[in-house]
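Worksheet: the structure to be examined is printed underneath.
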Amino acid sequence: ILTVMKLGLMKPVYDPKSKAFVFEPNKPVTRCELAMILQDIYAKLTNNPQIKFKYATLKPSENPFKDLDVTNPCFNAMMLAVNMNWLNTDQGYVHPNQPVNGADALEALYELKNTIMNRF
């Protein structure tokens with residue numbers, strides 16, 4: 001978590017109730033959030049920030065996902081994660097708001113590591 005925060009990939013969120021920036025490690029991470037984190041790590045480590053916009057021009061008719069619209073802020077990240085085999089689909093469903101369990105997160109990070117290691 002500290003490394004991810006140092007890279008600027010996740011930031012604490014301002015909580016108006018406590019009037020402080022908080023980081024909630026017990027809050028579940030969704031598949032959408034994980035895809036965005038993986039995309040940011042990949043963009044930073046490959047020095048390729050343009051990857052965050054690779055699928056920005058896809059039309060709704062070209063959308064392979066049944067439950068994620070092309071206008072969703074995590075669409076590009078999910079497309080990248082699925083195309084790079086970091087995350088899987090379930091017959092066209094990506095379940096963007098579903099919490100990620102530890103095993104799936106570990107597998108996604110392992111696949112990201114393999115992608116990066118094979119690149120260099």
Side-chain angles (χ1 to χ4, degrees):
I1 290 171
L2 291 175
T3 302
V4 169
M5 290 179 73
K6 282 179 188 176
L7 290 171
L9 303 177
M10 289 183 73
K11 296 180 175 78
V13 177
Y14 184 76
D15 177 32
K17 186 176 180 182
S18 63
K19 297 181 182 173
F21 285 92
V22 295
F23 183 73
E24 301 174 299
N26 294 331
K27 183 181 172 192
V29 174
T30 66
R31 288 175 53 85
C32 187
E33 291 168 331
L34 178 60
M36 293 177 81
I37 292 167
L38 297 171
Q39 172 186 258
D40 287 349
I41 292 170
Y42 184 76
K44 229 182 238 280
L45 293 178
T46 60
N47 197 26
N48 182 9
Q50 293 303 320
I51 198 77
K52 295 179 181 185
F53 308 102
K54 181 175 182 175
Y55 303 101
T57 59
L58 251 65
K59 298 177 178 103
S61 61
E62 301 170 310
N63 184 354
F65 305 137
K66 298 176 182 177
D67 58 347
L68 186 63
D69 193 79
V70 295
T71 60
N72 188 299
C74 87
F75 179 79
N76 190 84
M78 191 62 77
M79 281 290 295
L80 183 66
V82 168
N83 287 338
M84 296 290 230
N85 294 316
W86 305 332
L87 294 174
N88 298 317
T89 64
D90 176 20
Q91 298 178 350
Y93 292 93
V94 290
H95 310 289
N97 299 317
Q98 179 180 338
V100 178
N101 65 39
D104 288 342
L106 190 58
E107 182 180 354
L109 290 169
Y110 180 77
E111 291 299 330
L112 171 64
K113 177 186 163 231
N114 283 342
T115 301
I116 292 169
M117 297 300 286
N118 290 334
R119 182 178 166 97
F120 298 104

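Numbering starts at 1 and runs along the sequence shown.
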Donor-acceptor contacts, no H, no angles, side chain residues 85-96, under 3.5 Å, sequence neighbours left out:
residue	atom	partner	partner atom	Å
Trp86	NE1	Thr115	OG1	3.0
Asp90	OD2	His95	NE2	3.3

Which atom of [X] lies closest to which atom of [Y], heavy atoms considered:
| X | Y | value |
| --- | --- | --- |
| Lys52 | Ala43 | CE-CB, 3.9 Å |
| Tyr42 | Thr46 | O-OG1, 2.6 Å |
| Cys74 | Leu68 | SG-CD1, 4.0 Å |

Does one hydrophobic cluster hold both Met36 and Met84, with members joined at side-chain heavy-atom distances below 4.5 Å?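 Met36 does not cluster with Met84.
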When hydrophobic residues are tied together by side-chain contacts of less than 4.5 Å, even through go-betweens, does Tyr110 share a cluster with Val82?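 They do not share one cluster, since no chain of ILVMFWY contacts under 4.5 Å joins Tyr110 to Val82.
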Kindly compute the distance separating [atom1] ([X]) from [atom2] ([Y]), expressed to the nearest 0.5 Å.
| X | Y | atom1 | atom2 | answer |
| --- | --- | --- | --- | --- |
| Asn97 | Glu33 | CG | CD | 8.5 Å |
| Phe75 | Met78 | CZ | CE | 10.0 Å |
| Leu112 | Met117 | CG | CE | 11.5 Å |
| Ile41 | Leu109 | CD1 | CG | 6.5 Å |
| Gln98 | Leu34 | CD | CG | 11.5 Å |

Please examine the side chains of Pro64 and Met79, heavy atoms only from C-beta on, and report whether any two atoms are closer than 4.5 Å.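 They are in contact (side-chain heavy atoms under 4.5 Å apart), so the answer is yes.
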Are Lys54 and Ile51 packed together at the side-chain level, in the sense that at least one heavy-atom pair is separated by less than 4.5 angstrom?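 Yes, their side chains come closer than 4.5 Å.
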Once ring pair (Phe, Tyr, Trp, His ring centres under 6.0 Å) is applied, do any residues pair with Tyr55, and if so which ones, sequence neighbours excluded?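 For Tyr55, no residue satisfies ring pair (Phe, Tyr, Trp, His ring centres under 6.0 Å) once neighbours in sequence are set aside.
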